[in-house]
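Below: one structure, written as structure tokens.
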Amino acid sequence: MSRIFSPRNILIIVVLIALIVGAKFLFPAPLPTIVLAPEKIPGWAIPITNTQLAMLLADATVLLIGFLAVRKRSLVPSGIQNWVEGILELFLNQAQDLVGPAHARRMIPIAMTVFSLILAANWWGRVPGFEAIGVIEQPHVGGLPLWQTQRLLPGVYTVTANQVGVSKGTPATEGAAPEGAAATEGHGVPEAGILVPYLRGATTDLNFPIALALIAFIYIQYNGFKVNGLGYLKKFFNFTGFIPIFVGILELVSEFAKIISFSFRLFGNIFAGTVLVFVMSFLLPWLVPMPFAALELFMGLVQAAVFALLIIVFSAGAMESHEHHEVPVATEGGAMEAAVEDERAMRQRAHA
């Protein structure tokens, strides 16, 4: 205990506290404007939002990692190939336990694609400065705080923590100059405004999680019909008695509720985490936001894995026979399982 409270440790603690508290007064950070809707990037000839641009960046990242993983494939994987195959095997084992080897091999491509895309979108949003570079302008809607503009370098401006008012709202006419948007030094930068970032986390735009949720919902129903045929409808429409009818209605409602479950779980967690990091950076700019940023990295991984695993779990439920409550295994299941075992044996011999 005496070593914990040694003069050296006490001095380190005092210095850290001084940095944390002093940063609030010496290096104040403005609170970013928090809006639910994606923002159109001003000044671009092509109408595109910052979340769409971030989505393209996530797409390019997934394609690049996939290309690097398969560029120099070897029986004994290493580097990126080893990481990709490790994640793939983890999901494959989970899917095999739920639906068997034959169906698992068919589900893995879409599950891994969704996992990779969500993870790339989530983690790009945690890159420092990702949502801090953009265009300073006055908003076209009222009620948003306006921050004072300050010049850093020639042609480079920032918004300070000094709030100078609230926007009154202006007509959203293309090319119209917002009311009171006085240019600074002739560069077209208003004296007070908000920062519209070029990039914003794609999963903080509700449109993206809903699109993924609809894809997952359609894929789940496809699996149900592929395995059970029209008998899959007996899960929802069973008129043999009052209780089966009531249960079918509940099943039908819960099936469509999966769209809400998929989309709002992802959107709510990531958007709330982004706001949390913003607020902590505003309250105490140095050191304190770091643990929250690390936590959001972990949450981004968890949400991507949960979304992909739920696709497999719900597909397993859809493929379950309504009469026998078991997952029918395709006739080639035995051959597929034997192929998987042969591949594992080859890997073990190669490592040996």
Inset, instruction - Please report the C-alpha distance between Leu117 and Phe208 in whole Å, then the side-chain angles of each, then the deciding distance to 0.1 Å, and finally whether the side-chain contact (heavy atoms from CB on, under 4.5 Å) criterion is met. - result: CA-CA 11 Å; Leu117 191 57; Phe208 175 56; 4.1 Å; yes
Inset, instruction - Is it possible for you to say whether Leu36 and Leu206 belong to one hydrophobic cluster, with membership spreading through side-chain heavy-atom contacts below 4.5 Å? - result: yes
Legend entry - Atom of Ile220, atom of Ala318 and distance for their closest heavy-atom approach: O-CB, 3.6 Å
Inset, instruction - For residues Trp44 and Leu53, report the shortest heavy-atom separation together with the two atoms involved. - result: CH2-CD2, 3.8 Å
Legend entry - Spacing of CG belonging to Leu56 relative to OG1 belonging to Thr51, to within rounding of 0.5 Å: 10.0 Å
Inset, instruction - Verify whether one side chain among Gln221 and Tyr232 offers a donor that lies under 3.5 Å from an acceptor in the other. - result: yes
Inset, instruction - Go through the steps for Val277 and Ser281 under the test side-chain contact (heavy atoms from CB on, under 4.5 Å), then give the verdict. - result: CA-CA 6 Å; Val277 174; Ser281 300; 4.2 Å; yes
Legend entry - CG-CG distance between Asp97 and Leu92, expressed to the nearest 0.5 angstrom: 9.5 Å
Inset, instruction - Tell me, yes or no, whether the heavy-atom count around Leu230 atom CG, taken from other residues, nucleotides or ligands under 6.0 Å, exceeds 12. - result: no
Legend entry - Backbone N/O of Leu297 and side chain of Trp123: donor-acceptor pair under 3.5 Å: yes
Legend entry - Shortest non-hydrogen separation from Ser315 to Met107 and the atoms involved: CB-CE, 3.4 Å
Legend entry - Atom pair NZ (Lys168) and CD (Gln138), whose distance is rounded to the nearest 0.5 Å: 10.0 Å
Legend entry - Shortest non-hydrogen contact from Pro209 toward Phe267: CG-CB, 3.9 Å
Inset, instruction - Group every Ile, Leu, Val, Met, Phe, Trp and Tyr by side-chain heavy-atom contacts under 4.5 Å, then state whether Val227 and Ile110 land in the same group. - result: yes
Inset, instruction - Starting at NZ of Lys234, measure out to OG1 of Thr240 and round the result to the nearest 0.5 Å. - result: 10.0 Å
Inset, instruction - Heavy atoms only: give me the nearest Val306-Arg265 pair and the separation to one decimal. - result: CG1-CD, 4.0 Å
Inset, instruction - Treat each ILVMFWY residue as a node, draw an edge where side-chain heavy atoms are under 4.5 Å apart, and state whether Leu119 and Leu295 are in one component. - result: no
Inset, instruction - Take Phe256 and Phe217 through the ring-ring contact (aromatic ring centres under 6.0 Å, His included) test and state the conclusion after the steps. - result: CA-CA 8 Å; Phe256 281 97; Phe217 175 80; 5.2 Å; yes
Inset, instruction - Please examine the side chains of Ile41 and Val196, heavy atoms only from C-beta on, and report whether any two atoms are closer than 4.5 Å. - result: no
Legend entry - Leu266 side chain reached by Ile270 side chain, heavy atoms, under 4.5 Å: yes
Legend entry - Within-4.5 Å side-chain heavy-atom neighbours: Val159 and Ile136: yes
Inset, instruction - Verify, without hydrogens or angle tests, whether Thr61 (side chain) and Leu57 (backbone) share a donor-acceptor contact under 3.5 angstrom. - result: yes
Inset, instruction - Please round to the nearest 0.5 Å and tell me the distance separating atom OH of Tyr219 and atom NZ of Lys226. - result: 9.5 Å
Legend entry - Hydrophobic cluster identity match, Ile108 and Val70, side-chain contacts under 4.5 Å: no
Legend entry - Spacing of Glu191 atom CD and Leu146 atom CG [to the nearest 0.5 Å]: 12.0 Å
Inset, instruction - Find out whether Thr274 and Glu131 are in side-chain contact, i.e. whether some heavy atom of one side chain is under 4.5 Å from a heavy atom of the other. - result: yes
Inset, instruction - Using a 4.5 Å cut-off on heavy atoms from C-beta on, say whether the side chain of Val247 contacts that of Asn238. - result: no
Legend entry - Flag if over 12 foreign heavy atoms under 6.0 Å of CD1, Ile243: no
Legend entry - Heavy-atom check, side chain of Met55 versus side chain of Asp205, under 4.5 Å: no
Legend entry - ring-ring contact (aromatic ring centres under 6.0 Å, His included) between Phe262 and Phe307, worked out: CA-CA 7 Å; Phe262 270 123; Phe307 202 108; 4.7 Å; yes
Inset, instruction - Using the side-chain contact (heavy atoms from CB on, under 4.5 Å) rule, take Val35 and Arg200 through it: C-alpha gap first, then chi angles, then the decisive distance, then the call. - result: CA-CA 11 Å; Val35 293; Arg200 171 181 159 187; 4.1 Å; yes
Inset, instruction - Indicate if Ile245 and Phe236 have the same hydrophobic cluster label, given that clusters are the connected sets of ILVMFWY residues with side-chain heavy-atom separations under 4.5 angstrom. - result: yes
Legend entry - Main-chain N/O of Pro190 paired to Thr149 side chain as donor or acceptor, under 3.5 Å: yes
Legend entry - Side-chain donor/acceptor of Asn50 to backbone N/O of Leu199, under 3.5 Å: no
Legend entry - Where Val99 and Ala316 come nearest, the two heavy atoms and their spacing: CG1-CB, 3.4 Å
Inset, instruction - Using modelled atom types only, decide if a donor and an acceptor are shared between the side chain of Ser254 and the backbone of Glu251 within a distance under 3.5 Å. - result: yes
Inset, instruction - Please determine, by modelled atom types, if Trp147 and Thr160 share a side-chain donor-acceptor pair under 3.5 angstrom. - result: no
Legend entry - Other residues, nucleotides, ligands: >12 heavy atoms within 6.0 Å of Phe225 CZ: yes
Inset, instruction - Verify, without hydrogens or angle tests, whether Asn223 (side chain) and Ile218 (backbone) share a donor-acceptor contact under 3.5 angstrom. - result: no
Legend entry - Side-chain touch Ile259/Leu214, heavy atoms, less than 4.5 angstrom: yes
Inset, instruction - Output, in order, the C-alpha distance, side-chain angles, deciding distance and verdict of side-chain contact (heavy atoms from CB on, under 4.5 Å) for Ile87 and Met112. - result: CA-CA 9 Å; Ile87 298 173; Met112 283 300 300; 3.8 Å; yes
Inset, instruction - Using a 4.5 Å cut-off on heavy atoms from C-beta on, say whether the side chain of Met280 contacts that of Leu276. - result: yes
Inset, instruction - Would you check if the side chain of Asn162 reaches a backbone N or O of Gln148 as a donor-acceptor pair within less than 3.5 Å? - result: no
